[in-house]
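Remarks on the structure that follows.
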Amino acid sequence: MKHNKILFIDTETGGLDPLSHSILSVAFTVWENGKIFNSKEFLINDGILNVSEKALEINKIDISEHSRIALKSEIAVLEIENFLNQNFNLDEKIILCGHNILFDINFFKTFWIKNGNDYNKRFSHRYVDTASLLFFLSITNKLPEDLTSSQKAFDFFNIKIDKRHSALGDVVATAELFNHLLELEN
């Protein structure tokens, strides 16, 4: 296998709109040549915490507790930068991967830019979406056609998730799913 390094991402948010709802957490895990390592979650308090009840029902975040323990945005940015610098060269455009990844990218990119960072300087315009890979594999008859939801895919591949609908639990499970999908090609 060719040398590859990808950064998996998952977010938990206060709703569906990255321009109005808050990003509450972002988690990353580094994937390199089939190995998953250096997973970390960052809880974020943007000082606004614009959330919907429906979002909190899904991600099970207690917003009062979250408000108390989460990092202020500027601290979260510094810690995320440290994490990125430990795992990627400064001149390296980081390729992101996730499930339905445009949702996560849109929230993270909005957060990153709002806090004075140039998203395009650090992150590639290329990304990998496991939902798209599942769809492709289903139309090529390598997988059953009803696996495009992450939960169905996790169940199909018997991926156990520690803290489902937490950014950290979901990002690690998605990286494991990616490895299973790669095995289908061998």
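Residue numbers start at 1 and run along the sequence shown.
- Atom NZ of Lys72 has 12 or fewer heavy atoms from other residues, nucleotides or ligands within 6.0 Å.
- The hydrophobic cluster containing Val51, built from Ile/Leu/Val/Met/Phe/Trp/Tyr side-chain heavy atoms closer than 4.5 Å, also comprises Leu24, Leu49, Leu56, Ile61, Ile63.
- In the hydrophobic clustering of ILVMFWY residues, with side-chain heavy atoms under 4.5 Å counting as a link, Ile113 and Ile23 come out together.
- A distance of 6.0 Å or more separates the ring centres of Phe8 and Phe28.
- Taking the six-membered ring wherever Trp is involved, the centroid distance between the rings of Phe108 and Phe103 does not fall below 6.0 Å.
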Could you pull out all donor-acceptor pairs under 3.5 Å where a side-chain atom in residues 88-98 meets a protein atom, sequence neighbours excluded?
| residue | atom | partner | partner atom | Å |
| --- | --- | --- | --- | --- |
| Glu92 | OE1 | Asn89 | N | 2.8 |
| Lys93 | NZ | Asn120 | O | 2.2 |

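- Crowding of Glu53 atom CD: a count of heavy atoms from other residues, nucleotides or ligands under 6.0 Å not exceeding 12.
- A donor-acceptor pair shorter than 3.5 Å cannot be found between the side chains of Asp118 and Trp112.
- With a 6.0 Å radius and a threshold of 12 heavy atoms from other residues, nucleotides or ligands, Leu102 has its CG atom above the threshold.
- Within 6.0 Å of atom CZ in Arg126, 12 or fewer heavy atoms from other residues, nucleotides or ligands are found, so the atom counts as exposed in its surroundings.
- Between Thr29 and Asn38, every side-chain heavy-atom pair lies at or beyond the 4.5 Å cut-off.
- A donor atom on one side chain and an acceptor atom on the other are found under 3.5 Å apart for Thr11 and Asp104.
- Criterion: ILVMFWY side-chain heavy atoms under 4.5 Å apart, direct or through other members. Under it, Leu177 and Ile36 are part of a common hydrophobic cluster.
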Practice task
In sequence, state the C-alpha distance, the side-chain angles, and the governing distance for Gln86 and Asn82, and then conclude on side chain to side chain donor-acceptor pair (under 3.5 Å).
Solution key: CA-CA 6 Å; Gln86 290 169 6; Asn82 286 337; over 6 Å; no
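- Phe111 pairs in a side chain to side chain contact (heavy atoms under 4.5 Å, CB included) with only one of the listed residues (Asp46, Val77, Thr13), which is Val77.
- Counting non-hydrogen atoms of neighbouring residues, nucleotides and ligands closer than 6.0 angstrom, the OH atom of Tyr127 reaches no more than 12 such neighbours.
- Under a cut-off of 6.0 angstrom, the local environment of CZ in Phe136 is sparse, with at most 12 non-hydrogen atoms contributed by other residues, nucleotides or ligands.
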Arg68 vs Glu65, test: salt bridge (Lys or Arg N to Asp or Glu O under 4.0 Å). Steps then yes/no. CA-CA 5 Å; Arg68 190 179 68 73; Glu65 178 67 7; 2.7 Å; yes
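- Side-chain N/O atoms of Arg164 and Asn59 include no donor and acceptor closer than 3.5 Å.
- Counted within 6.0 Å of CZ on Phe157, heavy atoms from surrounding residues, nucleotides or ligands total more than 12; the atom is thus considered enclosed.
- We find the CZ-NE2 distance between Phe154 and His99 to be 7.0 Å, quoted to the nearest 0.5 Å.
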